[in-house]
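To keep things clear, I will list the structure first and then write my remarks on it.
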Amino acid sequence: MADALKIGIAGLGTVGASLARILTSRANELAVTCGRAIEISAVSARDRTKDRGIDLTAVTWFDTPEEMAQSADIDVFVELMGGAEGSADRSVRAALSRGLHVVTANKALLARCGVELARMAEEKGVLLNFEAAVAGGIPVIKALRESLTGNAVSRIYGIMNGTCNYILTRMEKEGLTFEACLKEAQRLGYAEADPTFDIEGNDTAHKLAILTTLAFGTEIAADEIYLEGISNISIDDIHAAADLGYRIKLLGVAQRTESGIEQRVHPTMVPHDSVIAQVDGVTNAVAIEADILGELLMVGPGAGGNATASAVLGDIADIAKSRPGTQRVPVLGTPALSLSPYRKAQIQSHEGGYFIRLTVLDRAGVFANVATHMAQNGISLESIVQRAKGTDTEAKTIILVTHATMEVAVRRAVEGMKAETYLAGEPQVIRIERPKAL
Ligand code: HSE
């Protein structure tokens with residue numbers, strides 16, 4: 001049997017500790033599958049004394065990941081700290097510069113400088129694997145990077161944040177408040193260190209930016225993503241969506257259009273009979289529409305220690321199974337030097353259906369005036385309904401669902417209504433996404 005593959009793990013949080021436990025408990029099986037043993041030879045974590053349920057006394061501890069990246073006793077640097085800058089960035093660069101393989105779950109780092117890191121890895125002929133960075137345990141990186149080569153992807157979209165999906169699902173099913181659901185997601189270890197990254201869509205945006213590059217062969221453009229989080233979604237929206245045959249999900253969508261590539265993250269109405277609408281809780285789903293393959297939907301656990309560690313483990317096993325000099329898959333699917341510049345399609349030119357919820361004063365002519373604003377902007381309506389709003393006899397709710405229209409038209413119509421005197425609250429606008437077949 002070949003020499004053991006020696007790994008150094010930076011970060012022993014939820015994912016790092018799960019990984020260490022699995023590597024220890026499955027050591028024999030992994031050695032057989034990979035043709036060599038995988039050995040944890042170094043770790044770096046803030047707290048040396050914490051009980052993680054594994055014996056790490058025989059392992060070399062380093063005070064900082066940067067020091068561990070210089071260790072002569074590791075072949076693979078496994079970065080599980082997170083953070084777009086600072087220690088994660090410095091230590092990954094140090095490891096790649098030394099010609100170490102790197103495995104990371106760090107979507108924020110890849111979204112910020114993934115192309116540069118890919119170039120470094122490709123220059124050194126080492127692997128930079130990051131399956132766990134997007135959709136936890138779902139093997140979407142390998143699917144895009146390897147299995148779908150040769151397909152022209154037209155759209156990729158998905159539920160990529162377990163925390164948001166968990167919150168929306170529990171709000172809908174149990175009528176719990178947003179805050180209570182968020183606390184529970186944090187307790188279960190799904191949320192980011194700063195949960196606003198989950199709630200406001202940044203985490204989904206980082207993941208989407210990486211998928212866009214893999215799907216379309218363009219440079220990573222995380223700063224060009226249109227972003228809306230879920231903190232603005234109310235129980236009223238969730239109920240109205242259900243009445244009209246939709247469910248609300250936080251989706252990340254990247255789509256090829258005539259004017260460029262759209263990248264957007266926002267609460268989205270999906271038809272309740274679509275497969276993605278049934279994806280509940282912390283589960284993630286990624287759909288890919290490609291010309292040769294057709295439509296693919298991958299559903300699975302998107303967050304949590306074991307699910308994420310499973311993806312990290314697969315990446316480490318790939319390195320254990322490869323032989324020196326046999327690196328053949330470009331880090332981002334296309335060689336980093338051959339990625340094309342990202343051409344952005346503006347959100348104003350997005351075309352699709354819209355859900356618009358208005359709270360209006362109950363006066364003669366309001367309904368007709370709302371319809372007029374729609375007509376003046378060339379918006380065709382699929383449905384328009386008016387409801388009493390709770391016990392308030394003064395205010396009414398009007399809900400509109402449009403046929404496919406341009407975002408710019410919807411914005412103009414909403415601005416027009418805001419200039420009228422009958423709105424009793426801020427209008428809510430939610431985009432509708434229709435899966436092709438699934
Ligand atoms: N906070 C993330 C989520 C963890 O909720 O999905 C996985 O990236």
Side-chain angles (χ1 to χ4, degrees), residues 164 168 171-172 178 199-201 225-251 253 255 257 259 262-272 345-434:
C164 286
L168 291 171
M171 282 175 73
E172 181 189 343
F178 177 87
I199 306 313
E200 297 308 334
I225 296 179
Y226 175 81
L227 197 59
E228 269 176 42
I230 63 164
S231 53
N232 196 22
I233 296 296
S234 67
I235 291 275
D236 287 348
D237 294 318
I238 291 176
H239 289 160
D243 279 357
L244 294 165
Y246 294 92
R247 295 186 74 196
I248 300 176
K249 300 287 179 190
L250 181 77
L251 291 193
V253 186
Q255 183 172 13
T257 73
S259 57
E262 258 181 34
Q263 289 188 102
R264 47 195 167 83
V265 173
H266 50 71
T268 311
M269 310 254 293
V270 286
H272 75 94
Q346 300 293 338
I347 191 70
Q348 285 80 356
S349 56
H350 167 68
E351 210 177 327
Y354 288 78
F355 160 99
I356 304 164
R357 183 171 61 80
L358 306 169
T359 308
V360 299
L361 298 177
D362 193 5
R363 289 192 206 142
V366 169
F367 201 78
N369 185 276
V370 167
T372 302
H373 279 285
M374 294 294 141
Q376 279 172 348
N377 286 286
I379 300 170
S380 169
L381 295 175
E382 184 182 291
S383 67
I384 175 166
V385 289
Q386 178 168 311
R387 299 244 158 76
K389 190 176 159 51
T391 51
D392 191 342
T393 48
E394 263 295 289
K396 293 277 180 285
T397 299
I398 297 180
I399 297 160
L400 306 115
V401 173
T402 77
H403 285 298
T405 187
M406 296 276 283
E407 172 113 4
V408 68
V410 172
R411 291 190 182 198
R412 280 197 194 121
V414 168
E415 283 315 308
M417 289 184 287
K418 280 167 98 169
E420 307 283 356
T421 54
Y422 53 74
L423 287 187
E426 190 62 22
Q428 175 70 294
V429 177
I430 303 178
R431 294 169 195 84
I432 298 172
E433 200 74 24
R434 296 191 187 280

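From Ile230, atom CD1 reaches atom CZ of Phe178 across 4.5 Å, with rounding to the nearest 0.5 Å. Atoms CE and CG, on Met269 and Leu251 in that order, are 12.0 Å from each other to the nearest 0.5 Å. Here the CD1 atom belonging to Ile384 is positioned 9.0 Å from the CD1 atom belonging to Ile356, to the nearest 0.5 angstrom. Distance OH/Tyr422 to CZ/Arg363: 10.0 Å, rounded to 0.5 Å. Going from atom NE2 of His239 over to atom OG of Ser234 covers 9.0 Å, rounded to the nearest 0.5 Å. In this structure, the separation between CG on Leu361 and NZ on Lys396 is 10.0 Å, given to the nearest 0.5 Å.
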(message) Assess the residue pair Gln255 and Arg264 against the criterion (side chain to side chain contact (heavy atoms under 4.5 Å, CB included)); give the C-alpha distance rounded to whole Å, side-chain angles, the decisive distance to 0.1 Å, and a yes or no.
(response) CA-CA 9 Å; Gln255 183 172 13; Arg264 47 195 167 83; 3.0 Å; yes

(request) Could you go through the side chain to side chain contact (heavy atoms under 4.5 Å, CB included) check for Ile233 and Ile430 one step at a time? (result) CA-CA 9 Å; Ile233 296 296; Ile430 303 178; 3.8 Å; yes

(request) Any chance you could lay out the side chain to side chain contact (heavy atoms under 4.5 Å, CB included) test for Glu262 and Val253, step after step, and finish with the verdict? (result) CA-CA 8 Å; Glu262 258 181 34; Val253 186; 5.6 Å; no

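The side-chain contact (heavy atoms from CB on, under 4.5 Å) test applied to Glu407 returns Ile347, His350, Tyr354, Arg411, Arg431, not counting sequence neighbours.
A side-chain donor from one of Thr268 and His266 sits under 3.5 Å from a side-chain acceptor of the other.
Annotation: side chain of Glu200 is not in contact with side chain of Leu227 (no heavy-atom distance under 4.5 Å). Within the 4.5 Å cutoff, side-chain heavy atoms of Ile398 are placed close to those of Val366.
Counting heavy-atom neighbours within 6.0 Å of Asp243 CG, excluding the residue itself, gives a total above 12.
Partner His373 forms a side chain to side chain donor-acceptor pair (under 3.5 Å) with one of Glu420, Glu415, Arg412 and no other, that one being Glu420.
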